[in-house]
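Just so we're clear, the structure is a prediction, and the values are computed from it rather than from any experiment.
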Number of protein chains: 2
Amino acid sequence: MRIMLHPLLTDPRNVALLKLLLGNPRMSISELARQLGVSAPTVRERLARLQERGVIRRFVADLDPQALGLPVTVFVRIRPMAGKLSKIIELAQTLPQVSECHRITGEDCFILKAHLAGLDRLDELIDQFLAYGQTTTSIVQSSPVHARGVPLPQGRVR
Amino acid sequence: MRIMLHPLLTDPRNVALLKLLLGNPRMSISELARQLGVSAPTVRERLARLQERGVIRRFVADLDPQALGLPVTVFVRIRPMAGKLSKIIELAQTLPQVSECHRITGEDCFILKAHLAGLDRLDELIDQFLAYGQTTTSIVQSSPVHARGVPLPQGRVR
DNA sequence: TATGAAACACACTGAGT
DNA sequence: ACTCAGTGTGTTTCATA
């Protein structure tokens with residue numbers, strides 16, 4: 001059993017709905033209905049089910065960090081000291097600069113993404129984690145692929 | 001000049017609007033208007049301006065990779081061979097599995113995030129990049145901080 | 001810029017197929 | 001599971017301040 005797709009996504013009409021919604025997440029239900037050639041209540045029901053079942057996790061307003069005065073993005077990898085693992089998780093969850101934190105395999109146990117007002121705010125971030133482990137920091141210079149979504153079943157590479 | 005905030009965000013009413021919108025990006029304009037104590041057309045105009053000026057980049061439907069049959073998330077760091085830098089960018093942009101790719105400082109030049117149907121699809125991904133450089137792969141085991149947004153000026157750590 | 005009123009479009013419900 | 005039709009709400013434009 002290689003492919004474990006959500007049952008709702010075996011219906012191509014749901015996939016088509018998601019494709020439209022990815023293109024424009026604020027498209028109205030009636031507009032979606034028109035483009036799909038079905039009635040609005042139908043679209044409404046399918047959408048509701050996709051959300052209930054967790055295929056659509058949530059809708060997000062993507063703000064520009066630079067406009068918010070946070071032009072510097074960094075990745076920090078952290079190798080915890082013995083017994084400090086949960087401290088790092090706590091800290092990452094507490095700091096608003098941290099927008100993502102993942103537990104990963106490999107020599108480092110965590111990787112996190114953070115947004116800063118300037119490079120001179122980096123030490124402030126790092127210092128807090130240094131209490132619990134070693135850190136390796138990478139500053140983002142540019143983003144050739146910029147947080148595009150997960151691919152839909154249709155055009156997916158096998 | 002440390003803080004370089006977007007001019008629109010010096011108006012606290014815009015910040016309040018964004019805060020509501022972050023809480024629920026599909027909140028209707030009239031609902032926003034009610035909660036802010038202004039008229040609907042006003043909210044509509046402010047929202048339009050925030051989008052025009054790029055403070056709000058876009059609205060995103062966040063799909064669950066697992067539901068799409070892509071339960072494995074990996075980070076791959078790549079250290080390019082001489083002259084292969086642009087090849088790596090091209091490849092990252094071409095592969096639908098790759099949802100993010102950043103140029104970074106440090107020993108590796110790139111870090112990318114990818115979503116896979118299974119661990120047995122990892123070699124397929126890595127092999128393509130190995131043509132242009134060395135790779136270091138980390139598999140995501142869990143996500144203590146799960147892609148929350150960038151913090152607004154209000155509650156921000158200085 | 002903000003507003004109120006009016007025209008229009010949309011969301012949602014319930015009954016019927 | 002879809003559609004149709006009805007009701008109430010939301011959106012959008014415009015004239016005005």
On a heavy-atom basis, the closest approach of A:Ala67 and B:Leu9 is O-CD1, 3.4 Å
Only residue of B:Thr137, B:Val74, B:Thr136 satisfying side-chain contact (heavy atoms from CB on, under 4.5 Å) with B:Ile126 is B:Thr137
In whole angstroms, the gap separating C1' of C:dC12 from CG of A:Leu47 amounts to 14 Å
To the nearest angstrom, the CE-C1' distance between B:Met27 and C:dA11 comes to 17 Å
task: Determine: side-chain N/O of A:Arg13 to OP1/OP2 of D:dA1, distance under 4.0 Å, yes or no.
output: no
Checklist entry - Under 4.0 Å between a side-chain N or O of A:Thr42 and OP1 or OP2 of D:dT3? => result yes
Problem set entry | Sugar-phosphate, base or nothing in reach of A:Ser28, heavy atoms under 4.0 Å | sugar-phosphate
B:Glu31 CD to D:dG8 P, in whole Å, measures 19 Å
Would you say A:Arg26 reaches C:dC10's phosphate, i.e. side-chain N/O to OP1/OP2 under 4.0 Å? no
Whole-Å distance, A:Leu32 CG to C:dA9 P, equals 17 Å
- Query: Any side-chain N or O of A:Arg46 under 4.0 Å from OP1/OP2 of D:dA1?
  - Reply: no
Main chain of B:Glu31, side chain of B:Gln35: is a donor-acceptor contact present, judged purely on distance under 3.5 Å?
no
Report task. Report yes if at least one side-chain N or O of A:Arg44 is closer than 4.0 Å to OP1 or OP2 of C:dA11; otherwise report no. Result -> no
**Message:** Do the side chains of A:Arg49 and A:Glu52 get close enough for a salt bridge, i.e. N-O under 4.0 angstrom?
**Reply:** no
Practice task
Return the orientation label for the A:His146 and B:His102 ring planes: parallel under 30°, perpendicular over 60°, tilted otherwise.
Solution key: perpendicular
Considering every strand and a 4.0 Å limit on heavy-atom distances, what is the contact class for A:Ser39: base, sugar-phosphate, or nothing? base
Have a look at A:Ser30 and say if it touches a base, only the backbone sugar-phosphate, or nothing, with a 4.0 Å heavy-atom cut-off. sugar-phosphate
B:Ile29 CD1 to D:dT11 P, in whole Å, measures 5 Å
Comparing nearest nucleotides in DNA chain D, the 5'-proximal residue of the pair A:Arg49, B:Arg34 is A:Arg49
